[in-house]
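Contents: one structure, followed by commentary.
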Amino acid sequence: MMPARLQRTLLTLAGAVVAVLLAVAISSIAILAAGASPITALEAMFDFGDTQAQVATAVAFILNRAVPLFIAGLAVAIGFRMNLFNIGIEGQYRLAAIVAAFVGSQFVLPGPIQITLIIVVAMLVGGLYALIPAVLKVTRGVNEVISTIMLNYIAINLAAFLVRGPFTGEREAGQLTTSTPQLPESAWFPNLNFLFEMFGLPAPRGGLWGFLIVAILVGVIIWVVLERTRFGFEVKASGLNASAALASGVNPKRMVISAMVLSGAIAGLIGMPEILGRTHAYGSNFTAGLGFLGIAVALLGRNKPVGIAVAALLFGFLDRAAAPLQFADIPPSVIAIIQGTIVLLVVIANEITSRVSMRQEERRAARQLDTTSQAQAEVAA
Amino acid sequence: MSTSSDTLAAAPPAVELEGITKRFPGVVANHDIRIAVEPGTVHAIVGENGAGKSTLMKILYGMQRPDEGRIRVHGEDVNFRTPSDAIAAGIGMVHQHFMLADYLTVLENIVLGAEPRKGGLLDTAGARKRINQLAETHGLRVDPDRLVEDLGVGDRQRVEILKVLYRGARILILDEPTAVLVPQEVDELFANLRELKAEGLTVIFISHKLDEVLSIADAITVIRRGTTVAAVDPASVTARQLAELMVGSELPTPETRESTVTDRVVLDVRDVTIQRGAAKPLLEDVSFPVRAGEVVGIAGVEGNGQSELIEAIMGLQTLSRGRIVLGEDDITTWSTLRRREAGIGYIPEDRHRQGLLLEAPLWENRVLGHQTREPARKGIWVNRAASRKDTERIVAEYDVRTPSIDTLALALSGGNQQKLIVGREMSGEPKFLIAAHPTRGVDVGAQAAIWDHLRTARAAGLAVLLISADLDELIGLSDCLHVIYSGRMVARLDPSQVTPEQLGGYMTGAIAEEQS
Amino acid sequence: GGGSGDSGASTETQGASSEAPKADGLKIGLAFDVGGRGDKSFNDSAYAGLERAQKELGAEIKDLSPAADGSNRGELLRQLANAGYNPIIGVGFAYGEDIKAAATEYPDIQFAVVDSASNAPNVTGLLFAEEQGSYLAGVAAADKSKSSHLGFVGGVENDLIKKFQAGFEAGAKSVKSDIKIDVKYLTPDGDFSGFKAPDKGKIAAEKMYQDGADIVYHASGDSGLGVFQAAAAAGKQAIGVDSDQYETVKEADLKKVIMTSMIKRVDVGVFEFIKAFQGGAKGGSNTVYDLKVDGVGLSTSGGFIDDVAAKVDEAKKKIVDGSVTVPAKP
Amino acid sequence: MTTSVAASEARRVRRYHLALVGVALLILLLSLARLVADAPELTSSGTFAAALLLAVPIALAGLGGLWAERAGIVNIGLEGMMVLGTWFAGWAGYQWGAAAALIAGLIGGALGGLIHAIATVTFGVDHIISGVAINLLGPGVTRFLSEVLYAQGTPAAEKGAGITTSPTLASEAPSVSLPLLSDGPDLLGKLESTHWFLISDVAGILRGLTHDVNVLVILAVALIPLTFFVLWRTAFGLRLRSCGENPWAAESLGVNVYLTKYVATVISGALAGLGGVFLVFVTTKYVEGQTAGRGFIGLAAMIFGNWRPGGLAAGASLFGYADGLQLRSSQAVTGLLLFGALLLLIYTGAEVRRRLAAGEPGVRQYTGAVAASLAAIVLLWLWMTVDKLPNEFVFITPHVLTLLVLSAASQSLRMPKADGVRYRRGEQH
Ligand SMILES: Nc1ncnc2c1ncn2[C@@H]1O[C@H](COP(=O)(O)OP(=O)(O)OP(=O)(O)O)[C@@H](O)[C@H]1O
Ligand SMILES: Nc1ncnc2c1ncn2[C@@H]1O[C@H](COP(=O)(O)OP(=O)(O)OP(=O)(O)O)[C@@H](O)[C@H]1O
Ligand SMILES: [Mg+2]
Ligand SMILES: [Mg+2]
């Protein structure tokens with residue numbers, strides 16, 4: 001039993017590695033076509049700097065980028081696991097971010113309480129906003145793909161309205177970014193620079209966002225929820241076979257609502273690392289697009305927390321390379337090409353490997369049964 | 001010159017299969033099969049589930065390619081790559097499962113792939129004329145402009161045959177065409193087949209129903225475990241002999257021994273009506289009790305409300321009127337989950353659709369439907385250890401042939417999948433069990449085992465509602481039989497008194513309603 | 001912040017800068033706003049200043065473009081600092097916060113940020129008085145308008161673009177207090193597609209022309225193309241923005257309608273900052289590029305506003321001498 | 001048999017008439033709202049011209065979606081394919097003119113479709129996943145191409161290209177107007193300016209749709225009936241649809257399902273690419289990011305339209321109209337509130353009458369009518385009290401409208417049965 005599983009895992013990993021290598025090869029062709037050398041590009045991507053401080057900064061950047069991507073991937077995965085396509089992560093996290101940033105700026109409490117409250121508000125807003133498409137789906141049968149796409153646009157506009165209107169904060173003279181009021185310092189999430197110091201590295205510039213801890217925690221919780229609880233089982237069952245789930249007493253409406261709301265609540269966290277760790281306010285140049293990237297990350301990670309973490313780190317690593325590539329005079333958009341081809345090739349590889357491993361499983365089952373039935377026949381004779 | 005019988009003998013067989021071998025990963029579906037089908041005859045092929053009949057026919061129809069062997073059609077070697085090649089060679093196939101696009105019209109389904117064109121367009125008028133003509137000559141009446149979605153099974157079967165005739169096929173393959181038909185419909189079909197035969201068409205006919213086979217076939221080939229084991233003359237063989245050839249051993253029968261019926265009503269269905277909009281009710285005033293230790297059988301042609309009845313009891317359909325009482329509780333408004341928790345077990349009619357998570361391991365399939373109960377659950381958690389242990393128990397007790405409980409459900413054969421489901425639904429001491437087609441598509445050995453389990457549970461006081469298309473099974477297992485027709489219970493019969501023919505009469509509405 | 005020992009002034013071993021450093025070692029780094037070099041507008045204008053510094057001051061230059069979502073602005077600044085570039089310029093107000101962070105991390109390096117105020121001792125804010133330039137555009141437009149009806153199309157409804165609107169309205173009203181000015185923004189703040197939607201710019205401007213406006217001023221990036229098209233179709237006129245669009249627009253029929261452009265000399269700002277840096281200037285303050293220093297102004301190519309030049313000059317004089325203050329908010 | 005033919009014929013005629021009556025009613029209501037709310041933009045020719053301009057790329061993307069999904073391939077990658085279309089149109093167009101742009105854009109989009117087909121048909125990748133990957137790839141590849149081909153110092157840059165834009169097209173696609181009616185003497189224009197009830201509204205609408213129309217618009221509009229015709233009236237169309245309903249049945253009748261799906265998906269990409277070409281024609285050059293999510297909106301329009309060409313045209317028109325209206329006049333959007341109220345009142349009236357006629361009492365049956373009338377009151381109240389909505393609320397008009405209409409009508413939607421299902425030759429479902 002264990003070897004079979006191990007084999008499945010190894011096969012998957014091998015497929016992923018081949019896919020990444022293929023994607024690198026394809027991108028190399030593009031780089032060559034652009035008149036640059038793929039070797040230089042690779043060197044640039046892996047060049048984290050000469051000094052320890054630079055290496056630390058690079059690592060911190062990758063992690064800081066990976067954290068929101070990881071959370072976004074988790075949010076997407078919850079829905080995708082039961083074939084619920086929450087394309088609306090984008091709107092949910094934006095709205096959650098602005099409301100949480102504003103609410104958090106309105107009071108001062110001891111750090112842990114203040115931060116917890118902000119996080120709760122963010123999850124609440126994200127979850128409530130995701131409730132809209134969920135309710136529309138279960139009561140009116142509205143396809144969630146469209147409704148969430150529409151709600152994304154609505155969220156962008158709502159956020160723009162709020163940040164210029166009721167939620168606007170004071171600005172220094174000469175600042176053109178509109179933003180919510182600054183969070184009090186008690187709401188600033190402490191950074192994790194001590195981790196680097198523990199390894200004898202200098203602290204990274206910009207700091208390693210402390211929200212990493214929350215992300216890991218959320219990842220573990222989501223893993224436990226999806227893999228070990230009854231709710232997770234029901235999500236999985238609904239995804240694998242909706243009509244069997246229904247006949248087994250899983251209430252599909254309740255599942256749609258709870259999965260969507262959970263997905264939205266997690267989505268609410270996506271903006272938090274940035275707001276609590278860096279900007280301390282929601283501003284008009286808030287990082288957008290993480291919701292869509294989250295879809296790619298979730299798919300790359302096969303909708304499983306560990307896979308999503310790896311995918312998020314890979315994306316973070318690639319995104320960091322944007323600057324070094326430019327130093328090497330290579331168009332940075334190569335990264336987008338690498339990301340796109342990796343996603344496509346990895347899912348193709350997944351498809352092939354899972355088909356192969358199912359074949360193997362069937363064959364093994366048949367082989368084993370054959371030997372047992374032969375044995376029985378011999379005993380009978 | 002030669003006599004007419006000489007000419008007949010000289011004519012090459014319509015189809016000749018020689019040494020056909022086909023391997024699937026882990027299975028040899030066909031092994032050195034040899035069959036010769038004479039033109040203008042009905043040639044039956046019989047064999048157990050999984051014997052390889054469908055595979056062989058798919059090979060003949062170009063849907064699958066043989067690993068070894070030769071196919072000759074009218075004496076000429078052929079090599080079919082796709083069904084189009086086979087169609088071009090005059091072969092048509094009606095599949096075991098309907099191959100119809102529900103949201104296309106009958107006409108569209110029939111002409112698909114062989115569309116008549118006029119000026120680049122689909123010539124619907126021409127097609128309609130041709131279909132009506134075919135329908136007229138062969139007595140296969142269907143309305144070409146209806147959506148297939150709205151048709152009953154009998155009509156669908158006719159559409160399937162029309163599809164084949166429309167292509168001008170001279171060789172017809174019918175893979176279990178009678179599985180979903182009632183006796184009267186079967187007779188109609190056979191009349192059609194005889195007519196086709198008279199017109200010189202060749203029919204290859206597959207069925208599990210041996211008396212049917214004996215009544216229609218001119219020649220019979222028996223397949224066992226992928227190889228041809230006998231070619232017999234229907235005139236010189238009995239159904240029982242044929243069956244023993246198929247199985248290679250003695251036959252089990254689904255007979256219930258002494259009655260275990262008590263007078264404690266476990267499930268009471270009262271005046272259940274389901275009506276959607278202004279249409280004809282799907283179920284109308286259906287009432288019956290099921291007592292502890294009793295098997296209540298429901299006979300009926302598919303599509304007469306059985307599915308709705310099951311779904312109503314499972315809480316998957318809301319009632320327009322009526323009540324369902326389980327023991328002391330009125331469960332009419334309960335959720336499916338609560339019903340299951342209260343002790344209703346459910347062997348669904350389509351195990352792949354409603355019974356299994358094919359891509360999950362067996363032990364997770366054990367949890368399905370029991371996710372809120374011991375031993376599968378512990379608080380908010382799934383109790384993995386206990387579930388696995390209980391799966392081991394089911395595998396042992398119900399003789400589920402599997403390498404391990406971590407095997408994915410899709411790797412099991414249909415019979416073993418079904419045994420797992422039966423084992424699961426019997427665990428947790430249910431009070432009441434819905435068994436919908438519990439042995440459909442299951443081979444003889446597994447069938448006997450499942451019947452045994454049902455009987456044992458019945459003796460232990462389980463109340464069972466049995467829905468089946470297999471009339472022998474219904475008559476053999478039930479303590480009491482109801483016939484459902486057009487959403488209404490039209491007869492209550494004593495299984496020890498009734499014959500399958502009578503039952504068929506009620507099921508088709510041929511015998512008028514009887515007061516019980 | 002990371003107050004560790006490494007100042008970032010490491011030796012030049014970074015792969016890219018292979019050519020020998022210039023004698024005086026002036027290495028200028030510049031990070032663009034989203035869109036990057038080659039946007040034919042704001043970013044390119046900054047780049048022109050950088051190139052000029054390369055030519056005239058013999059500087060070594062490096063320019064970086066951010067990711068499409070702008071998430072790595074801070075990283076670009078750090079990488080430039082690590083590679084030994086000094087000074088470093090961030091183009092666009094979105095760099096405000098990131099420059100501040102980088103400036104604290106690299107106190108020995110001089111930074112400049114375009115369109116945002118100085119927020120650290122080693123940061124120079126390069127501010128432009130868009131409202132003043134737009135005021136002149138308003139004056140010219142109101143003088144030229146026969147219908148006493150103007151229009152303004154803004155790309156994205158943010159505070160930067162509102163400065164353009166405010167100045168334009170004030171300028172036009174200073175000429176004709178009852179002049180009608182239609183205003184339309186294409187997208188809300190945070191949705192930057194409004195700078196890339198010529199079709200929407202066209203529709204918005206079309207409506208203004210149909211309603212009787214005869215001159216429409218746009219501050220909408222690439223969407224301005226649509227405004228020019230609408231003007232050409234209606235046989236009316238439009239005002240360009242940022243650079244002299246009469247020169248940058250290639251189509252002859254569109255050239256005709258560009259009455260003038262409100263020029264924002266980001267190139268001058270960038271170049272002047274570099275020169276000042278070379279001269280030893282330190283940050284901590286803002287340099288405002290306004291009418292006084294010709295940091296903003298109106299273009300005259302095409303000669304369409306020659307006849308109102310006097311009035312425009314007069315308005316300019318008033319602003320320069322302080323007798324008129326132009327509002328920065330509508 | 002003949003009766004059934006007649007019946008289906010009658011059904012078709014009835015549906016056709018119903019659509020006509022519906023459109024007439026909408027126009028009547030619109031002109032009423034225009035008059036009462038004094039918002040001439042509601043029916044002006046300019047609004048309808050803008051609506052057409054905005055609806056065409058959405059409709060083309062939607063048609064792309066329709067072709068793919070009717071063959072059983074979910075295409076969420078329309079956006080990426082559209083982006084490819086814009087870039088290639090710009091690149092070919094600046095060198096060889098509009099015709100080349102058209103062809104290159106089609107090919108660009110078709111390439112995206114081909115990738116989608118390879119992934120989903122040949123490798124059986126989940127359709128949504130492949131689509132997402134294409135949406136990542138489209139912008140990435142085009143940006144890269146721009147960075148390489150439009151960089152400073154390249155010949156293209158000399159002609160005015162930048163990283164974010166191509167040079168202007170070498171030649172523009174011609175535009176046409178209806179002679180006499182909307183051009184020259186412009187009779188419709190004259191009629192429109194009279195502001196007569198209904199007459200000038202109809203004139204405005206007609207003029208907006210016929211004045212100075214790009215040939216590509218005509219092509220796009222023609223593609224809608226053409227799509228219907230091909231998919232529902234030809235043998236190829238029947239095969240294509242059968243692949244979306246039951247590919248196994250199609251396979252068993254000798255239809256080459258893989259090939260059909262490939263063709264459908266490539267056409268789907270080409271249509272999305274054509275939407276991109278149209279955007280480039282409007283702006284006369286490629287502008288990075290100019291698709292702005294229209295691929296997604298197109299998909300929404302298709303679902304809105306129940307996977308039918310006519311329906312998707314309605315969906316795209318609704319979106320284009322609402323967007324055009326808000327772009328032209330923020331005030332007119334409040335006029336829509338009145339329009340909505342009128343619509344709801346009519347619905348309520350019809351519902352109550354139907355219930356009364358059917359003699360079906362019961363509170364539950366009336367909830368719809370009650371909700372509708374309540375909503376109508378709220379809308380009326382909003383219309384009377386609000387005179388200018390904040391811009392942000394104006395911007396979202398089309399999205400909110402789409403959402404509202406969908407929630408009213410979604411339950412009757414039906415997608416192709418095997419849409420998004422992985423199909424493998426020789427494997428049963
Ligand atoms: N595509 C396939 N891949 C793998 N194994 C297959 C495939 N098709 C059939 N088999 C196997 O081949 C064997 C013969 O199957 P087949 O469907 O031909 O049986 P059959 O005689 O038609 O049975 P039934 O009476 O149930 O229809 C079975 O063991 C089945 O598991
Ligand atoms: N289309 C298929 N693809 C792959 N394997 C198949 C296919 N059809 C059948 N099998 C294999 O056939 C075996 C089950 O076939 P078997 O004939 O015993 O089942 P069955 O009685 O036909 O069941 P069912 O009626 O549920 O299909 C399994 O090993 C399964 O893997
Ligand atoms: Mg079978
Ligand atoms: Mg079979």
Side-chain angles (χ1 to χ4, degrees), chain A residues 27 30-31 33-35 80 83 85 87 132-133 135-137 139-143 145-147 149-162 164-165 292-293 295-296 298-300 330-352 355, chain D residues 74 76 80 115-116 118-119 122-126 128-149 151 163 293 296-297 299-304 390-396 398-403 406-413 415 420 422 424:
Chain A
S27 316
I31 293 171
F80 273 30
N83 297 330
F85 296 106
I87 311 288
I132 300 174
V135 167
L136 284 179
K137 186 180 173 77
T139 61
R140 306 296 313 163
V142 180
N143 183 310
V145 175
I146 314 187
S147 58
I149 287 173
M150 295 299 150
L151 285 165
N152 281 342
Y153 288 95
I154 294 174
I156 290 176
N157 281 279
L158 267 181
F161 171 73
L162 291 174
R164 294 196 309 119
F292 289 114
L293 282 177
I295 298 177
L299 298 175
L300 208 53
I330 293 165
S333 48
V334 160
I335 290 168
I337 297 182
I338 300 182
Q339 288 175 341
T341 36
I342 284 186
V343 170
L344 202 58
L345 292 175
V346 164
V347 292
I348 289 178
N350 270 346
E351 207 51 52
I352 295 173
R355 208 173 292 159
Chain D
V74 171
I76 203 173
I115 294 176
H116 193 50
I118 292 173
T122 302
F123 291 105
V125 168
D126 184 278
I128 301 264
I129 300 183
S130 167
V132 167
I134 286 167
N135 286 340
L136 276 179
L137 268 177
V141 167
T142 51
R143 173 85 190 189
F144 177 81
L145 289 171
S146 292
E147 278 176 353
V148 174
L149 294 174
I163 300 274
F296 291 110
I297 306 277
L299 197 70
M302 178 207 63
I303 299 177
F304 180 99
N391 279 342
E392 286 86 358
F393 294 99
V394 175
F395 291 136
I396 55 178
H399 308 94
V400 172
L401 266 184
T402 307
L403 214 49
L406 265 181
S407 20
S410 227
Q411 273 158 338
S412 53
L413 299 186
M415 71 169 176
R422 292 176 215 203
R424 300 209 56 75

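- Separating the CD1 atom in A/Ile146 from the CG atom in D/Leu406 is a distance of 4.5 Å, to the nearest 0.5 Å.
- Both the backbone and the side chain of A/Ile337 come within contact range of chain D, judged by heavy atoms closer than 4.5 Å.
- Counting only heavy atoms from C-beta outward, the side chains of A/Pro331 and D/Arg143 never approach each other to under 4.5 Å.
- Only the side chain of A/Leu158 has a heavy atom closer than 4.5 Å to any heavy atom of chain D.
- Each side chain to side chain donor-acceptor pair (under 3.5 Å) pair with one or both residues in residues 128-139 of chain D, not counting sequence neighbours, appears once here: D/His116-D/Ser130.
- Using a 4.5 Å cut-off between heavy atoms, D/Ile115 touches chain A through its side chain atoms alone.
- Heavy atoms of A/Pro133 lying under 4.5 Å from chain D are absent altogether.
- Contact annotation: the side chain of A/Ile154 approaches that of D/Val400 to within less than 4.5 Å [non-hydrogen atoms, C-beta and beyond].
- Summarising the geometry of A/Gly340 relative to D/Leu136, their closest heavy-atom pair is CA-CB, 4.1 Å, with the distance given to 0.1 Å.
- Atom-to-atom distance recorded for A/Ile31:CD1 and D/Phe144:CZ is 7.0 Å, nearest 0.5 angstrom.
- With a 4.5 angstrom heavy-atom cutoff, D/Ile76 touches chain A only via side-chain atoms.
- Only the side chain of D/Val132 comes within contact range of chain A, with at least one heavy atom under 4.5 Å from a heavy atom of that chain.
- The line from CG of A/Asn83 to CD1 of D/Ile128 is 9.0 Å long, rounded to the nearest 0.5 Å.
- Closest approach of D/Ser407 and A/Arg140 over heavy atoms only: O-NE, 2.7 Å.
- In this structure, the side-chain contact (heavy atoms from CB on, under 4.5 Å) partners of A/Tyr153, at least two apart in sequence or on a different chain, are A/Ile149, D/Ile297, D/His399.
- Residue D/Gly140 comes nearest to A/Ser333 through the heavy atom pair O-CB, 4.0 Å, listed as atom of the first residue, atom of the second, then distance.
- No other option in A/Val343, A/Leu345, A/Leu344, A/Ile352 has as many heavy-atom pairs under 4.5 Å with chain D as A/Leu344.
- One finds the CG atom of A/Leu300 at 10.0 Å from the CD1 atom of D/Ile129 (value rounded to the nearest 0.5 Å).
- Once rounded to the nearest 0.5 Å, the distance linking CZ of D/Phe296 with CG of A/Asn152 reads 9.0 Å.
- We find the CG-CD1 distance between A/Asn143 and D/Ile303 to be 4.0 Å, quoted to the nearest 0.5 Å.
- Only the side chain of A/Leu299 comes within less than 4.5 Å of a heavy atom in chain D; its backbone stays farther off.
- Using cut-offs of 30° and 60° for the angle between ring planes, the D/Phe393 and A/Phe161 rings count as perpendicular.
- Proximity to chain D (any heavy atom under 4.5 Å) is shown, for A/Ile348, by both the backbone and the side chain.
- Within the 4.5 Å cutoff, the side chain of D/Asp126 has no heavy atoms near those of the A/Val347 side chain.
- Neither the backbone nor the side chain of A/Ala298 comes within less than 4.5 Å of any heavy atom in chain D.
- Between D/Leu403 and A/Leu136 there is a side-chain heavy-atom pair separated by less than 4.5 Å.
- Only the side chain of A/Leu293 comes within contact range of chain D, with at least one heavy atom under 4.5 Å from a heavy atom of that chain.
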